[in-house]
Number of protein chains: 2
Amino acid sequence: MGRPRKLPETEAIDIALRLFWKQGYDRTSVADLSAALGVGPSSLYNAFGSKQELFRRAIEHYAATYTTFIDHALERDLDVEAAVRGLLREATMVYASPDSPPGCAVMQSAGAASPDDSEAAAITLEVKAEVERRLALLIERASESHGTPLSAPPKLLAKYLNGTLRGLSQLVIDGADLEELMAICDVAAGACVAGST
Amino acid sequence: MGRPRKLPETEAIDIALRLFWKQGYDRTSVADLSAALGVGPSSLYNAFGSKQELFRRAIEHYAATYTTFIDHALERDLDVEAAVRGLLREATMVYASPDSPPGCAVMQSAGAASPDDSEAAAITLEVKAEVERRLALLIERASESHGTPLSAPPKLLAKYLNGTLRGLSQLVIDGADLEELMAICDVAAGACVAGST
DNA sequence: ACTTTTTTGTAGTGATAGCTTCAAAACCAT
DNA sequence: ATGGTTTTGAAGCTATCACTACAAAAAAGT
């Protein structure tokens, strides 16, 4: 019924995501957001309720769109080392892509803060846990499917890779070049299988 | 000459460090600092000039005090894998220690921000680069001293470990327990030498 | 045309940010 | 004591924060 929206919701979320991704949650003000969206703050609050809620929607959008590297590895039924190498490389390509802000949006927006003292960190907690779960699933399946001996249990390797992904994001932020990063992905992938290369 | 300081400078820096470490640079206000130090803001500005300068001093203090794990590994002349394992474990113990805020102060205080849009991140850049330089030196010496074949050049492994340390800090923040973290250190250490375990 | 419903732009809310002003206070030297 | 020097505490500065009140604007239903 009423007056139509100036900006479709999905488009607004995408723009907001990129701002949070680039500047972080704390350093992105509602004024920044409404300027980037080209609407007044009242529109923003009418549509999303609060800065926190808009952030939650943005991170949900990110998780659904930019963490598909795990699914890609699952679909291809590779051995453990190849799967991990591919997954890390693909994630790193996203982190270093010129088409989106540098690094991982979950890390960049919520910073290094603990869920206790940052609203944003609490919101990203679930996303990080879900990624780790899917990583464990991937490793377990790849190991069983190819009979590859692992250097540690799947759940632990998933946590290791979770940390590795965060590290890669940080290295991108500090200006590491893509060639170095790809080599680092290979080193990290090698760590997952027992006695390789 | 004049009136004596209520709080010695070194003590003030240590208290400030712990606040920045725990809350992050942005979320730590001058009011927080002056409350923790038990002095008015004018004393703080008289002694340090600005919040930024106090932060710089705090991070210098941290770098000198809490990154000695590299020197410890250098002194003991271990082989590459043992040196890296020990260094990662020691760093993780600091990150998870109940005597200091969780995680790495450089990460926690400057967050995941890029040096371009955060004063704090720019200040920590040099510390991170110095750590990486010393890591490369350690790996090179350990490799030469024991004739261990590396999985990649020392500088690249140093960057890998730099990322790994950041990842470990983040895993601590998200509540990983010490046993898991130690096992992750071992996995990461194994990745540095050619064809181990 | 008129009512209803929703969104919009403008202006402004109290709270808090980093930082400064300035006189009183606390020391040393004479 | 007195004068010189530095630090301290209290109050206040401007700017910005997330957020809201309110009425005009733009659609749909009748």
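Everything numeric here is computed off the predicted structure, so don't read it as measured data. Letters A, B, ... are given to chains in the order of the sequence lines, protein chains preceding strands, and every chain is numbered from 1.
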Quick test of your reading: applying side-chain hydrogen bond (donor to acceptor under 3.5 Å, both in side chains), list the pairs with at least one residue in residues 167-190 of chain A, sequence neighbours left out, ordered by first then second residue. A:R89-A:D186, A:D174-B:K128, A:D174-B:R166

Would you classify A:T28 as touching base, sugar-phosphate or nothing, given that sugar-phosphate means primed atoms plus P, OP1 and OP2, and contacts are heavy atoms under 4.0 Å? sugar-phosphate

Quick check: on DNA chain C, is the nucleotide nearest B:M1 upstream (toward 5') of the one nearest B:S42, or the reverse? Name the residue that is more 5'. B:S42

Is there side-chain contact between A:C192 and A:L161, with heavy atoms separated by less than 4.5 Å? yes

Starting at the 5' end of DNA chain D and moving along, which residue's nearest nucleotide shows up first, A:S50 or B:A47? B:A47

Take the protein atom CD of A:E119 and the nucleotide atom C1' of D:dC19, then report the distance between them rounded to whole Å. 13 Å

Who passes side chain to side chain contact (heavy atoms under 4.5 Å, CB included) against B:D14, sequence neighbours left out? B:R18, B:H61

Interface with DNA chain D, restricted to residues 3-13 of chain A and to heavy atoms under 4.0 Å: A:R3, A:P4

With sugar-phosphate meaning primed atoms plus P, OP1 and OP2, does B:S29 contact a base, only sugar-phosphate, or nothing at under 4.0 Å between heavy atoms? sugar-phosphate

Charged N to carboxylate O below 4.0 Å: is that the case for B:R57 and B:E9? yes

With the side chain counted from C-beta on, respond yes when B:F69 and B:L165 share a heavy-atom pair under 4.5 Å apart, and no when they do not. yes

Give a yes/no on whether any side-chain N or O of A:Y45 is located under 4.0 angstrom from OP1 or OP2 of D:dT20. no

